[in-house]
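Input: a single structure, listed below in structure tokens.
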Amino acid sequence: MSKNMTPEKITQKDLHGAWFRWWWANEVPHAFDRYISPSLLLALMPLLRKLYKNDDDLREAYHRHLMFFNTQAIWGGGTITGIVASLEETRANQIANNEEVTVTHDLINNTKLGLMGALAGIGDAIDSGTVQYIFIAIALPWAQAGSPMGSLFPWIGFTLVTYLYGYYFTRNGYKLGRAAATELVSGKKMTAIIEGLSVLGLFMMGIIASSYVKVASVFTLNISGKEFVLQNILDGLLPGLLPFTVIMAIYFYFSKKGIKVTNAILGLTAVLGVLAWFNIL
Amino acid sequence: MSKNMTPEKITQKDLHGAWFRWWWANEVPHAFDRYISPSLLLALMPLLRKLYKNDDDLREAYHRHLMFFNTQAIWGGGTITGIVASLEETRANQIANNEEVTVTHDLINNTKLGLMGALAGIGDAIDSGTVQYIFIAIALPWAQAGSPMGSLFPWIGFTLVTYLYGYYFTRNGYKLGRAAATELVSGKKMTAIIEGLSVLGLFMMGIIASSYVKVASVFTLNISGKEFVLQNILDGLLPGLLPFTVIMAIYFYFSKKGIKVTNAILGLTAVLGVLAWFNIL
Amino acid sequence: MSKNMTPEKITQKDLHGAWFRWWWANEVPHAFDRYISPSLLLALMPLLRKLYKNDDDLREAYHRHLMFFNTQAIWGGGTITGIVASLEETRANQIANNEEVTVTHDLINNTKLGLMGALAGIGDAIDSGTVQYIFIAIALPWAQAGSPMGSLFPWIGFTLVTYLYGYYFTRNGYKLGRAAATELVSGKKMTAIIEGLSVLGLFMMGIIASSYVKVASVFTLNISGKEFVLQNILDGLLPGLLPFTVIMAIYFYFSKKGIKVTNAILGLTAVLGVLAWFNIL
Amino acid sequence: MELTVVQALLIALFVAAVQSRGLGYATLTMRFSPMMTGLVVGLVMGRVPEAMVITAGIQLVYMGVIAPGGSMPSEPAVATAIAVPVALLAKMEPYEAIAIAIPVGLLGGYLYQFRFFLNTFIIRLSDKFAEELNDKGLWFSIMGLPIIVSFALYVPVMFLALYYGAPFIAEFTAANASSQLFHVLSVVGGGLAAVGIALSVHVIGKKEYIVFFILAFFLAYVLKPLGVTMITYAVLGSVLAFIYVLVTRLSKD
Amino acid sequence: MELTVVQALLIALFVAAVQSRGLGYATLTMRFSPMMTGLVVGLVMGRVPEAMVITAGIQLVYMGVIAPGGSMPSEPAVATAIAVPVALLAKMEPYEAIAIAIPVGLLGGYLYQFRFFLNTFIIRLSDKFAEELNDKGLWFSIMGLPIIVSFALYVPVMFLALYYGAPFIAEFTAANASSQLFHVLSVVGGGLAAVGIALSVHVIGKKEYIVFFILAFFLAYVLKPLGVTMITYAVLGSVLAFIYVLVTRLSKD
Amino acid sequence: MELTVVQALLIALFVAAVQSRGLGYATLTMRFSPMMTGLVVGLVMGRVPEAMVITAGIQLVYMGVIAPGGSMPSEPAVATAIAVPVALLAKMEPYEAIAIAIPVGLLGGYLYQFRFFLNTFIIRLSDKFAEELNDKGLWFSIMGLPIIVSFALYVPVMFLALYYGAPFIAEFTAANASSQLFHVLSVVGGGLAAVGIALSVHVIGKKEYIVFFILAFFLAYVLKPLGVTMITYAVLGSVLAFIYVLVTRLSKD
Ligand SMILES: OC[C@H]1O[C@H](O)[C@@H](O)[C@@H](O)[C@@H]1O
Ligand SMILES: OC[C@H]1O[C@H](O)[C@@H](O)[C@@H](O)[C@@H]1O
Ligand SMILES: OC[C@H]1O[C@H](O)[C@@H](O)[C@@H](O)[C@@H]1O
């Protein structure tokens with residue numbers, strides 16, 4: 001019975017399975033508030049099952065990966081899937097062996113938050129912005145000549161190539177995570193690293209928030225020929241005021257009433273919807 | 001005799017008096033070096049009399065509010081008048097009760113410096129820049145039709161409305177100050193807050209200095225068709241060099257010779273005047 | 001014999017010698033990797049001989065001044081020559097007297113790094129950019145009239161004037177350094193100052209690196225009319241990526257293989273040369 | 001236009017599959033580029049070579065399209081599915097055909113956003129299944145339901161546009177009520193990320209660290225005109241984090 | 001022009017009252033907008049409806065005028081006090097009349113600055129009365145004297161301009177000697193804030209904290225092209241202050 | 001052109017002396033301004049007054065030239081040494097003559113960079129002599145060798161250009177192979193500073209402080225559009241250093 005509680009080892013096959021599931025689910029469940037976190041959960045699900053034999057730990061892990069997450073599929077998704085897999089493995093082992101749990105929930109979370117934005121920038125520029133169009137540009141003359149290869153070559157080529165190096169990133173991410181985790185477990189710099197990751201994670205979250213949360217007023221008043229553009233006035237006060245207000249409002253709602261996400265979404269939808277309907281937002 | 005030394009309570013009426021005096025004096029004593037600090041002193045004078053029964057404390061308080069101060073009348077002036085009133089009250093009580101004086105001279109000062117700029121930004125944008133012109137725009141057609149209401153409506157309307165919410169800010173500022181002060185007195189975070197306010201106060205002072213102190217050279221040399229524009233050369237070295245030099249010169253003058261403000265003003269007037277006369281500044 | 005080990009005093013004549021040698025050598029040995037550090041070594045050589053009677057200390061000092069160094073000759077070179085002379089003197093005395101050596105190798109180095117950029121900015125703007133052209137502009141009409149004075153006046157005038165105030169800066173730099181060093185020796189703020197100088201030195205080094213190290217790709221791909229400009233893609237990822245990569249590559253090369261500068265230069269020349277030849281850089 | 005019901009349906013299904021992203025990252029190129037859609041239309045209509053030529057022309061219009069962080073105004077796959085038949089049947093130039101397809105592409109973009117909106121509620125289901133450790137439920141709510149929703153959104157629209165002609169859709173898109181609805185949808189969409197972000201910030205360990213969130217948020221607004229890249233921010237954030245740790249921890253030894 | 005002495009004096013007194021700010025914040029709209037001045041001129045001249053129409057025209061010229069932190073080049077109230085009579089008597093269009101009034105408005109601006117300059121010395125008196133805890137003295141030096149000074153500056157100028165005509169003032173304003181004087185005045189004015197600021201910085205408790213003053217000062221110059229707002233700076237300053245405290249105090253527990 | 005061998009050689013030697021910087025800072029004006037070169041050419045050709053007039057015309061072209069941190073595309077002294085004889089002998093206008101001299105000035109710039117490149121290896125010698133405490137060797141490697149190298153580079157080029165005419169050089173400069181060589185040289189030159197900088201960073205005491213190097217490096221890229229001056233950076237760097245010390249050391253008492 002106690003034997004049963006030991007985390008199983010994560011194999012190469014597990015890793016590939018995770019990568020494939022991530023690759024497949026990718027933007028299917030894309031949602032306004034969490035972006036594509038469910039895809040990451042789907043990717044990790046079987047691994048987490050192998051690692052956490054205790055339902056409470058498993059549940060916590062499931063919820064962890066349903067949190068806000070967005071990145072580019074290959075560079076970001078591959079690398080992070082790998083890293084997170086190894087971090088979860090280390091964490092599961094620490095829990096099972098009753099060791100001090102240095103790979104905390106926050107550490108895993110902040111690692112994701114800290115990496116996802118920068119890797120998305122890399123991936124979007126390289127994969128979507130460059131590699132894709134190199135394939136297309138090569139095949140374009142074939143299409144202009146009426147050949148179906150003009151369509152098939154860029155699609156198959158790009159898909160294949162990115163799949164392959166995405167998996168490479170997954171494996172490397174896993175190794176990287178293992179190496180880091182091993183050092184972390186023993187190292188006494190652990191607290192420092194956790195704190196550093198928290199700072200970085202929250203910093204990147206702020207940057208991401210500034211571009212993902214878009215709330216602006218379209219309200220204008222034209223009295224006797226003078227135009228009052230509300231958004232201009234707000235920008236003269238504090239650019240970013242409205243999105244920040246919305247974020248903080250929900251933050252304080254959670255602080256006061258507990259984490260009631262559905263309520264927050266319905267409430268926010270209602271408020272924004274009404275304001276938008278009356279052309280205030 | 002000792003009874004006499006106890007600070008009197010600040011009443012609603014006192015607060016309204018302070019607000020009215022501030023509102024009235026506002027920009028009457030506007031001066032180049034202190035801006036409108038005297039108006040704040042005038043506003044607080046009767047309150048300070050009620051609070052500080054010891055002449056030395058009172059004198060210190062009077063001088064405190066003659067220091068550099070500028071803000072917008074309603075949002076800045078209202079709020080700050082209220083906050084300062086409550087801080088002075090707490091301070092006076094701490095002195096009278098021989099408690100540790102946590103509401104220090106620096107704390108009051110830095111609170112003012114930290115708030116005045118941002119609140120001026122809000123007030124200028126909203127009151128002078130928007131509300132005023134909404135009233136005017138509404139009344140403009142009446143004026144175009146020849147009716148005196150076109151003049152009276154915006155004047156009375158704007159004056160009345162701003163007076164009312166300015167007073168509202170004063171009362172809220174007072175409550176806010178009381179709440180903060182109460183927490184401060186007991187809280188052990190006091191030192192942290194004082195230090196934070198010092199940092200903020202000086203930071204905002206630097207921002208304000210960069211826009212209020214305007215010293216620039218108009219000196220140009222044209223030799224054989226080549227133009228030497230002194231200010232361009234200075235901007236290539238360190239933008240802000242001249243105003244910073246002037247501020248630091250006076251700072252060191254005060255450090256060496258003591259705080260001789262009249263001398264500083266006369267000296268600076270003489271130096272700048274002469275340099276301006278010869279078109280160097 | 002032990003007497004022999006005492007540092008000799010640095011005289012006015014020594015200082016002038018140092019200034020003259022610096023002024024003379026100035027940009028003669030200008031090299032891509034170290035810029036004009038050898039000139040500073042040449043300037044200080046005789047002084048260092050007088051100060052360090054122990055060969056190891058002397059050797060260390062010689063090497064110290066062959067490190068990366070660049071500044072403008074008069075404002076930067078004068079001032080820094082003076083300051084460094086006094087710092088070396090203090091250091092030599094501390095070593096000879098078996099005192100605690102507060103003027104460390106790092107302190108001298110960071111002082112140079114921290115000052116050289118800003119003083120170069122001043123000197124370039126004032127000497128090369130203004131004073132030189134004032135002399136030229138004055139003499140231009142004489143040249144237009146066919147007189148050799150049009151050439152001689154700006155040359156002699158500028159050279160003389162800058163020589164003189166450059167020497168003045170050297171002497172003042174020396175005094176400044178002495179004053180600072182004296183205070184440093186005794187003061188307990190020593191560690192703080194050394195740390196502060198390290199931070200400043202490295203910060204300025206980063207700024208300087210960003211403008212001195214120029215590595216950019218000229219690679220473009222034009223497939224079926226679509227242009228792929230590699231440098232644009234890199235700038236979309238992280239501006240400064242290539243120069244930073246080069247710097248860090250060499251940094252890690254030194255960390256792993258020891259400080260093999262010749263190898264680094266040859267290797268880098270080869271790599272960059274080949275990439276440039278094939279129009280990648 | 002003269003497409004048969006079956007032809008129109010086949011094309012509609014293909015577009016719905018692409019827009020659902022149901023084939024994973026393999027749908028990226030399919031969504032951003034018109035090439036595959038053009039080929040499929042050609043196959044369905046039995047006129048591959050001509051379709052390829054037209055599609056190559058459309059590709060030039062959409063060269064360089066990417067959608068960092070989500071949606072874009074016009075969906076290339078959607079517009080192409082209309083434009084190629086139009087060009088084939090009405091013998092138009094590719095760019096003229098695209099002009100006709102634009103309102104449909106626009107509607108395609110709104111539907112993509114609407115899909116995000118509906119998924120926002122589907123995730124509540126995932127939350128529930130996660131709580132119950134119900135893996136089948138998770139598969140259903142993460143993959144199944146969102147794909148079904150996508151098909152429900154795209155198939156009818158594409159079919160109608162293909163069968164009854166693009167103007168039919170254009171009218172709807174331009175109609176006052178619907179454009180106001182789209183406005184509401186995009187405002188709500190723009191704001192809902194706040195929930196996910198507030199949640200992430202809320203669950204962090206040390207409450208004081210929210211200051212770094214605030215710093216980054218307003219810094220990003222201040223520096224917006226300088227076009228700072230995400231990786232540059234990551235570098236600066238790491239530097240900040242390192243200095244913070246240096247100052248609070250490491251310097252203590 | 002044909003204003004009577006009494007008419008000219010009445011208008012001059014009104015303008016002086018506005019420019020002295022002696023009626024408190026109620027004078028803000030009076031100074032920034034021509035409306036009230038126009039009405040008063042209309043009343044004094046007994047031609048209210050016409051004056052209102054002209055003033056409405058002038059208002060359009062001054063729409064949006066505000067003066068954050070102090071002075072502005074041309075004073076609307078001053079210019080209006082000249083422009084309305086000109087327009088009424090010479091049957092000019094409002095904007096033509098304003099063109100004539102501009103030099104007087106300019107002089108009005110200089111006088112407003114000169115008022116600040118004189119107040120700079122009057123504050124010395126307030127310092128003295130504060131030292132003596134002399135409340136009456138403070139009332140006098142804070143309210144009384146500045147108002148008197150304002151009237152002494154504005155009444156003669158406005159009266160002369162109204163009675164003898166704007167060109168009379170225009171000549172003086174344009175005269176070489178006076179324009180050089182105005183230059184000196186504005187340079188001195190631009191520099192004197194340094195005294196108040198140096199004083200504030202000087203009296204702070206911890207001398208080392210001056211570093212935050214320096215930081216902000218030069219940061220503001222570096223970021224000037226980005227148009228950072230005062231509130232954004234306040235947010236960044238608060239973040240800085242909080243991190244400073246976090247690092248030096250709170251992280252110690 | 002009809003310069004004698006001796007005349008051509010004399011001018012070539014002068015230019016080489018200037019470009020070697022062998023007369024110390026006295027060569028700065030000689031390099032940046034055409035004036036002294038013009039005079040020397042005039043003396044050598046025995047036509048000083050005419051040469052002066054032409055040189056004054058050239059000076060206007062080069063007004064304001066400075067080279068912070070090193071090299072510039074065209075070297076005024078080199079170009080002038082060609083342009084003045086051309087203008088004198090072919091009776092051209094100064095600006096026409098400069099147009100002809102431009103390729104030579106360009107080559108002069110490349111040689112200046114090539115000089116830096118060769119010096120990069122000469123410094124290895126200095127490193128060795130420093131290790132041996134060999135002062136004579138240091139004088140040789142710091143002053144002697146670099147000057148010899150300069151003469152070896154500049155004398156032949158200048159002589160050929162002056163004796164056989166500028167087109168001779170122009171052809172070489174424009175030749176495909178050599179322009180590719182120049183490209184390689186400037187790329188290598190642009191990169192080699194990395195060695196010196198990596199070295200400086202490597203020898204610092206505390207490894208963690210490299211974070212400040214990284215901060216500054218990327219900050220400089222972020223703020224590039226704002227044109228922040230070196231002194232402003234020095235002020236900000238000092239502020240940062242001071243705050244760092246304040247936080248880690250001083251605040252501990
Ligand atoms: O920007 C990162 C990422 O954001 C979203 O998930 C999608 O738009 C992806 O295409 C993109 O790669
Ligand atoms: O900017 C704040 C404040 O500054 C000065 O006091 C005046 O110009 C006011 O009108 C303004 O509101
Ligand atoms: O920029 C500082 C300095 O850099 C190099 O050494 C040369 O270009 C000098 O002329 C310049 O003064």
Side-chain angles (χ1 to χ4, degrees), chain C residues 23-24 26-34 38 42 62-63 66-68 73 106 117-118 121 124 128-129 136 143-144 146 148 150-151 155 158-159 192 195-196 198-200 202-207 209-210 212-215 239-240 246-247 250-251 254 262 264-265 269 272-273 276-277 281, chain F residues 21-22 24-26 29 33 35-36 39 48-49 52-53 55-56 66 68 116-117 119-120 123-124 126-127 130 133 135 142-143 146 183-184 187-198 200-202 205 209 212-213 216-218 220-221 229-231 233-234 237-238 240-241 244-245 249:
Chain C
W23 179 92
W24 188 22
N26 187 20
E27 293 195 50
V28 169
H30 201 311
F32 270 140
D33 67 328
R34 310 274 187 92
L42 203 80
Y62 271 29
H63 282 304
L66 276 175
M67 298 275 293
F68 180 89
D106 269 15
D124 283 343
S128 323
I136 290 176
Q144 282 163 336
S151 293
W155 179 52
F158 177 73
T159 306
E195 298 232 319
S198 301
V199 172
L200 176 60
L202 280 161
F203 184 90
M204 290 314 290
M205 205 66 194
I207 300 292
S210 81
Y212 280 9
V213 184
K214 292 181 205 99
V215 187
V246 172
I247 296 171
I250 297 170
Y251 180 87
F254 287 156
T262 317
I265 287 181
T269 301
L272 295 180
W277 185 262
L281 295 186
Chain F
R21 313 300 303 269
Y25 195 69
T29 323
S33 143
M35 296 310 275
M36 284 303 291
L39 175 58
V48 168
M52 289 308 299
V53 175
T55 310
I66 73 167
F116 290 179
F117 183 66
N119 284 346
T120 303
I123 279 193
R124 297 319 119 207
S126 303
D127 283 343
L133 296 177
D135 287 11
I142 293 173
M143 290 295 278
H183 172 65
V184 169
V187 166
V188 170
L192 279 181
V195 176
I197 285 167
S200 300
V201 174
H202 187 263
Y209 283 8
F212 296 109
F213 173 83
F217 184 86
F218 288 106
Y221 275 92
T229 73
M230 204 46 113
I231 308 180
Y233 276 126
S238 306
L240 176 70
Y244 180 78
V245 168
R249 310 250 136 227

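The candidate from C:Ala276, C:Ser210, C:Ser151 with the greatest count of non-hydrogen atom pairs under 4.5 Å with chain F is C:Ser151. The greatest number of non-hydrogen atom pairs below 4.5 Å with chain C, out of F:Val184, F:Leu240, F:Thr229, is found for F:Val184. Among C:Met204, C:Met67, C:Glu195, the residue making the largest number of heavy-atom pairs under 4.5 Å with chain F is C:Glu195. Your options are C:Ala264, C:Gly121, C:Ala73, C:Ala209, and the one with the most heavy-atom pairs under 4.5 Å with chain F is C:Ala209. Contact count versus chain C (heavy atoms, under 4.5 Å) is highest, among F:Leu133, F:Thr29, F:Leu39, for F:Leu133. For the set F:Ile231, F:Thr55, F:Ile197, F:Val48, the entry with the most heavy-atom pairs within less than 4.5 Å of chain C is F:Ile197. Considering only heavy-atom pairs separated by less than 4.5 Å from chain C, the leading option among F:Tyr209, F:Phe117, F:Phe213 is F:Phe213. When each of F:Gly22, F:Ala193, F:Ala220, F:Ser33 is checked for heavy-atom pairs under 4.5 Å with chain C, F:Ala193 comes out on top. When the candidates F:Ala216, F:Pro146, F:Ser200, F:Gly196 are compared by the number of heavy-atom contacts under 4.5 Å with chain C, F:Ala216 comes out ahead. Ranking C:Gly129, C:Gly117, C:Pro148 against chain F, the residue ahead of the rest is C:Pro148, based on heavy-atom pairs under 4.5 Å. Among the candidates C:Ile250, C:Leu202, C:Leu281, the residue making the largest number of heavy-atom pairs closer than 4.5 Å to chain F is C:Leu202. For the set C:Gly273, C:Ala143, C:Gly150, the entry with the most heavy-atom pairs within less than 4.5 Å of chain F is C:Ala143.
Residues F:Ile123 and C:Pro38 share a closest heavy-atom pair of CD1-CG, 3.5 Å.
C:Tyr62 has its side chain within reach of F:Asp135: a pair of non-hydrogen atoms, C-beta onward, lies under 4.5 Å apart. Side-chain contact between F:Val201 and C:Ile247 is absent, with no heavy-atom pair separated by less than 4.5 Å. With a 4.5 Å cut-off on side-chain heavy atoms, C:Thr269 and F:Leu192 count as touching. Inter-residue side-chain proximity for F:Val195 and C:Phe254 is flagged as met; some heavy-atom pair is nearer than 4.5 Å.
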Candidate pair F:Phe116 and C:Phe32, rule ring pair (Phe, Tyr, Trp, His ring centres under 6.0 Å), full reasoning:
CA-CA 5 Å; F:Phe116 290 179; C:Phe32 270 140; 5.7 Å; yes
Give the intermediate values and the outcome of side-chain contact (heavy atoms from CB on, under 4.5 Å) for residues F:Arg124 and C:Ile265.
CA-CA 10 Å; F:Arg124 297 319 119 207; C:Ile265 287 181; 2.6 Å; yes
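Ring geometry, F:His202 versus C:Tyr251: the interplanar angle exceeds 60°, so the pair is classed perpendicular (tilted spans 30 to 60°).
Looking at C:Tyr212, the atoms closer than 4.5 Å to chain F (heavy atoms on both sides) sit in the backbone and in the side chain alike. The contact between C:Ile207 and chain F is made by backbone and side chain atoms together, counting heavy-atom distances below 4.5 Å. For a residue to count as touching a neighbouring chain, one of its non-hydrogen atoms must lie under 4.5 Å from one of that chain's; by this rule C:Asp33 touches chain F with backbone and side chain alike.
For C:Trp23 (side chain) and F:Ala26 (main-chain N/O), no donor-acceptor pair under 3.5 Å exists by modelled atom type.
To the nearest 0.5 Å, atoms CG (F:Asp127) and NE2 (C:His63) are separated by 7.0 Å. Taken from OH in F:Tyr25 to CD in C:Glu27, the straight-line distance is 8.5 Å, to the nearest 0.5 Å.
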